[in-house]
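Let me begin by presenting the structure, written as structure tokens, before commenting on it.
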Protein chains: 2
Amino acid sequence: MTSIKDLAQHLGVSIGTVSRALNDKFDVKPATRERVLKAAAELGYVPNQAGRSLRQGNTGLVGFVLETSSEGMMQGDLFFIRVFDGMQSVLSEYGLHLMVMMSPSSEKSDEYLQKIVGRRLADALVLSSTRRIDPRVNLLADQNIPFVMLGRSQTDRGQPWLDLDFEGMVTDAIERLHARGHRRIALAVPRQELNLRYVMLDTYRTQIERHGLAFDENLVIETAPGDNGGVALAHHIMEMEDRPSAVIFSDPIHPFGLYRGLTEMGLVPGKDLAILGIATRLATVLNPNLTHYRVRLFDLGRRVAQALIHRLPHLNTENPPPVIRERVPFTLVEGDSDLPLE
Amino acid sequence: MTSIKDLAQHLGVSIGTVSRALNDKFDVKPATRERVLKAAAELGYVPNQAGRSLRQGNTGLVGFVLETSSEGMMQGDLFFIRVFDGMQSVLSEYGLHLMVMMSPSSEKSDEYLQKIVGRRLADALVLSSTRRIDPRVNLLADQNIPFVMLGRSQTDRGQPWLDLDFEGMVTDAIERLHARGHRRIALAVPRQELNLRYVMLDTYRTQIERHGLAFDENLVIETAPGDNGGVALAHHIMEMEDRPSAVIFSDPIHPFGLYRGLTEMGLVPGKDLAILGIATRLATVLNPNLTHYRVRLFDLGRRVAQALIHRLPHLNTENPPPVIRERVPFTLVEGDSDLPLE
DNA sequence: GGCCTCACCGTAAACGTTTACGAAAACATG
DNA sequence: CATGTTTTCGTAAACGTTTACGGTGAGGCC
């Protein structure tokens, strides 16, 4: 593997000159720069990242912290690859690379994160599975590690975040269902720790009451992620006394489980229970067609990367750097799973 | 950020001693080792990866080269996260981390790969989307970069690979369909360059003839990946003269498209066309139930990581290192999409 | 005490970069 | 020609590790 020293020797100049030539510094004669670049191309020189990192204190890597907690199918299974793709498309413009880190979930995740940042494995991080109280935020903020959250948290250190517009989704869904005659609307929420649970719950309560309906906590149902969660949800709802006529959810896998659960019970999705929530294009195979909210994951990834770039001191031009805090909106895809209540 | 030098200063010993203590070398007094470890824990010392990499010539990172070519839904969307998870579970035991690299597809991918290996970003790589003639194999083999292929290629440099047992899948599927009276069986294959196309095609031809059937190249249908591909496939088949009664596929998204396409035409999956191929647990939502072949992705990831570990000189104990070349078998999940032909 | 053997530890070099600094060369100006 | 200015380049230090090597002191043996 050819190093900068090899180049220097080969050309009869000093390593300093070679480095300056390669990095487009000003104080090098155009002629010698040419020679250096030519030789570099011929010998297939590529700068060693470790050397560079050590000297300049940054690695060129961006870490995406992924928690794969549950056993079954995860929400992320359908989401993340697309987001990664979008992120990388931006990062590439800055010579950065995406590193996906598989973090242990919840209790051990702080410890894991500490090790990661200590070793200086990445210049910046993206946090997902954000919790309502999220110690990771303090951990990173205290050490001045640039990061962006994909999701929100009540632990606020002024960090940037990107999130899907769950408020908008729930608001629109309730509006829509209400207009179609539904009066008892269930809401599927994720487990306690996750911030998303409260975002959905608060919006739900506000909107339910805005429409003059009574808030009933029995209609807020904690649901496990994945298709199993959806199946269980279907059974739970159908066994309720004073049964709701519609359900709203945020996990794109849930509708698959809901459809399966209902079918198992001999019921018809959209007719015996209106179903409305977030999904991906894969949902188009459901029959009857699922009315759902969709988001452009690739673009989301791009936006996350841009927010991250702003946090990197050596790349950011604006001063002070802008703190991006955005909810990216869903678009509605109409189907037949939320027909008017007859 | 505390470095080894800080530790040394704080304890009044030399940096050499500190390093040896931390790395469990033999020539350091137990008492001082204790002191060093205690101080390290107190000051929150974590070794800087760049320094270590530079010195020892390895980065502690394993790269997974992911090509995200197509626009629509990809096969990988349902696959990879699980595989990553399995890989990381093994890599963690060795202090390694997984880095997912988003490679541009096909023509630019060699160039990209060259840059990656030159910068010494990763100690070892996993290649996916393996092509029949795959220049990346030579590129890596020439430079002695350890790598494992997830998939196979005819470009053979003695590298290890892991692949799904597509031969077994196609063989079993034909056997099964034949036993149920099907005589004209279509096969969906991916695009030209990919090695998988030929694996499937060869097995198909052999098995078809073994059952005394005539090989008809019209029954081998190149199909775009994703749900769109599945829809198109359904239409294509149903518009054929001398129409097949069954179809075999390898993309886990295809059945979703097939079901949708058939439904659009007013046909019933499993009845008007037998459907049999690879899928994930998400397929359980299809109605009628999809008969399909499944694989434990997490375990596949673990196996890939193990194969990779064997290639790392500083970790491998056995000499010479074993070259893993395995096809991991599918298990059949019976459903109602391949009913006997009446 | 002289000598050898250990156990333990400090010194310094090396990995491949970037960059502050100063030196040399080239050129212009008086 | 002397001096000043600018352009170009070489030198060397620094980033944080690991490790080969040599040195110091303690202890054992005669």
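Order of the sequence lines fixes the chain letters, A, B, ..., with proteins taken first and strands second; residue numbering starts at 1 for each chain.
Remark: Phe147(B) pairs with no residue by the ring pair (Phe, Tyr, Trp, His ring centres under 6.0 Å) rule, at least two apart or across chains.
A nucleotide of DNA chain D counts as in contact with chain B when one of its atoms lies under 4.0 Å from a heavy atom; the first and last such, 5' to 3', are dC15(D) to dA20(D).
In this structure, Leu140(A) and Leu125(A) have side chains that are in contact, with non-hydrogen atoms separated by less than 4.5 Å. Between Arg131(B) and Arg136(B), some side-chain heavy-atom pair lies under the 4.5 Å cut-off. A heavy-atom distance below 4.5 Å is not found between the side chains of Gln159(B) and Arg311(B). Within the 4.5 Å cutoff, no side-chain heavy atoms of His97(A) are placed close to those of Gln49(A). Contact of the Met101(A) side chain with the Ser103(A) side chain is not registered, since no non-hydrogen atoms from C-beta on lie closer than 4.5 Å. Contact annotation: the side chain of Ser128(A) approaches that of Leu66(A) to within less than 4.5 Å [non-hydrogen atoms, C-beta and beyond]. For the pair Leu96(B)/Ile309(B), a side-chain contact is recorded, criterion being any heavy-atom separation below 4.5 Å from C-beta on.
Residues of residues 46-57 of chain B having a heavy atom closer than 4.0 Å to DNA chain C, listed by number: Leu54(B), Arg55(B). Listed by residue number, the members of residues 24-35 of chain B with any heavy atom below 4.0 angstrom from DNA chain D are Lys25(B). Contacts between residues 3-17 of chain B and DNA chain D, counted as heavy-atom distances below 4.0 Å, involve Ser3(B), Ile4(B), Lys5(B), Ile15(B), Gly16(B).
Looking at Lys115(B) and Glu111(B), no side-chain N of the basic residue comes within less than 4.0 Å of a carboxylate O on the acidic one, giving no salt bridge.
The local environment of OH in Tyr94(A) is sparse, with at most 12 non-hydrogen atoms from other residues, nucleotides or ligands closer than 6.0 Å. Counting heavy atoms of neighbouring residues, nucleotides and ligands inside a 6.0 Å radius, atom CZ of Arg296(B) does not exceed 12 of them.
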- Item | Steps toward side-chain contact (heavy atoms from CB on, under 4.5 Å) verdict (Val137(A), Met149(A)) | CA-CA 9 Å; Val137(A) 171; Met149(A) 299 199 312; 3.6 Å; yes

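Atom CZ of Arg20(B) is separated from atom P of dA7(C) by 14 Å (rounded to the nearest Å).
Rounding to the nearest 0.5 angstrom, the gap separating the CD1 atom in Ile81(B) from the CD1 atom in Ile81(A) is 5.0 Å. Atom-to-atom distance recorded for Leu308(B):CG and Leu150(B):CG is 11.0 Å, nearest 0.5 angstrom.
With no hydrogens or angles considered, a side-chain donor-acceptor pair links Arg302(B) and Ser89(B) at under 3.5 Å.
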- Query: Dot-bracket for DNA chain D, 5' to 3', counting Watson-Crick or G-U wobble pairs under 3.5 Å, with [ ] for crossing pairs and | for inter-strand pairs?
  - Reply: ||||||||||||||||||||||||||||||

